[in-house]
Amino acid sequence: MVSIREFNLKKILSLEPIHYGFGYLLLIIVYTMVFYFNSKGLGLDESFIDSLYLSLVTITTLGFGDITPSTDLGKIVTSSAALFGILMLGLFLNSLSHALSKELIKKDQDEEEKKKERLRESLEMHACLILDVFKSGNPFAWDKHAKYSAPMDELEEFARHTYLTIFDKTKCKINVLHVKLLLETIDQNYDMLLSLAPVAAEISSEHLIAWSSLLSNARNLKQQYQKAQNNRKDETIEWPAIDDIALQVQEIIQNILFISQREKMPD
């Protein structure tokens, strides 16, 4: 348990440099008053200017020696001024060093956060491509580049509606063409998605888990695409039914919502 003395010491050591600066000036003023109002007892001339001068050169440890006390008490008091001056200066420099260190640390943290946000946006862009092509129903959109995909703001409503209705044939807007486009897009972009795993890991462990889950479901869809291609008869390809890919689609949507910093669908 932290004692009161330890707590006060920590509080003193954690002050800002400006507080020690004011303390240093206050120390000069206090000793000026001590020297001036007790000049006879300290063996000094009764002069305010001399008292200020002695206080200043003693506390700053300049110590020219042209004004010196002639009594033992004066020597003790003058020595204490030098001691407190050195202590206050040390506290000021220590506080200044900590303040600069904190500023550098904060700057590094801000840069790291900006870097992670750029990486997250890269993941989001490639994840949005999956939803964009899936939503579009455009048979020529499967080879669309990620940087041209629609933003999550335009895709979120579709993602949530699809998640909720994919098992409901009366409400689901997904048809065989959408399934075909989704599988083609996954197959075309799987290697790129896989290469982004280290990017997710650099952001956070949570992002790596989400991206790994997305990859796992994408791999399953890629296998279904390859199976459909291998089983094609003449020019006819039998694509998986919506129910066959529904769970994978729901998981992918959940992961994309997380990566896009949106609230996930309730389980």
Spatial distance of atom NE2 (His126) from atom NZ (Lys147) [nearest 0.5 Å]: 10.5 Å
Flag for Glu251-Asn255: side-chain donor and acceptor within less than 3.5 Å: no
All side chain to side chain contact (heavy atoms under 4.5 Å, CB included) counterparts of Lys171, not counting sequence neighbours: Thr165, Asp168
Shortest non-hydrogen separation from Leu221 to Leu183 and the atoms involved: O-CD2, 3.5 Å
Pairing residues for Glu121 by the side chain to side chain donor-acceptor pair (under 3.5 Å) criterion, not counting sequence neighbours: none
Any donor-acceptor pair under 3.5 Å from Gln254 side chain to Met265 backbone: yes
Where at least one partner belongs to residues 151-166, residue pairs that pass salt bridge (charged side-chain N to carboxylate O under 4.0 Å, His left out), sequence neighbours excluded: Asp153-Arg262, Glu156-Arg160, Glu156-Arg262
Residues that Asn230 engages under side chain to side chain donor-acceptor pair (under 3.5 Å), provided they are two or more places apart: none
By ring pair (Phe, Tyr, Trp, His ring centres under 6.0 Å) - contacts of Phe84 (at least two apart): none
Check against side chain to side chain donor-acceptor pair (under 3.5 Å), Ser51 and Tyr31: CA-CA 8 Å; Ser51 297; Tyr31 271 95; over 6 Å; no
Pairs satisfying ring-ring contact (aromatic ring centres under 6.0 Å, His included), at least one member in residues 191-219, at least two apart: His207-Phe258
Residues in side chain to side chain donor-acceptor pair (under 3.5 Å) contact with Lys115, at least two apart in sequence or another chain: Glu202
Separation between NZ of Lys222 and CG of Asp187, rounded to the nearest 0.5 Å: 4.0 Å
All ring pair (Phe, Tyr, Trp, His ring centres under 6.0 Å) counterparts of Phe48, not counting sequence neighbours: Tyr36
Throw together a table of side-chain donor-acceptor distances under 3.5 angstrom for residues 105-112, partners on residues two or more places apart or in other chains.
| residue | atom | partner | partner atom | Å |
| --- | --- | --- | --- | --- |
| Lys106 | NZ | Asp110 | OD2 | 3.2 |

Any residue meeting side chain to side chain donor-acceptor pair (under 3.5 Å) with Lys169, in chain and number order, not counting sequence neighbours: Asp243
Residues in ring pair (Phe, Tyr, Trp, His ring centres under 6.0 Å) contact with Tyr163, at least two apart in sequence or another chain: none
Pairwise side-chain hydrogen bond (donor to acceptor under 3.5 Å, both in side chains) hits with a residue in residues 60-73, at least two apart: Tyr53-Asp66
Polar side-chain atom of Tyr225 near backbone of Lys180 as donor-acceptor pair, under 3.5 Å: no
Approximate separation, where rounding is to 0.5 Å, of Ile245 CD1 and Ile252 CD1: 8.5 Å
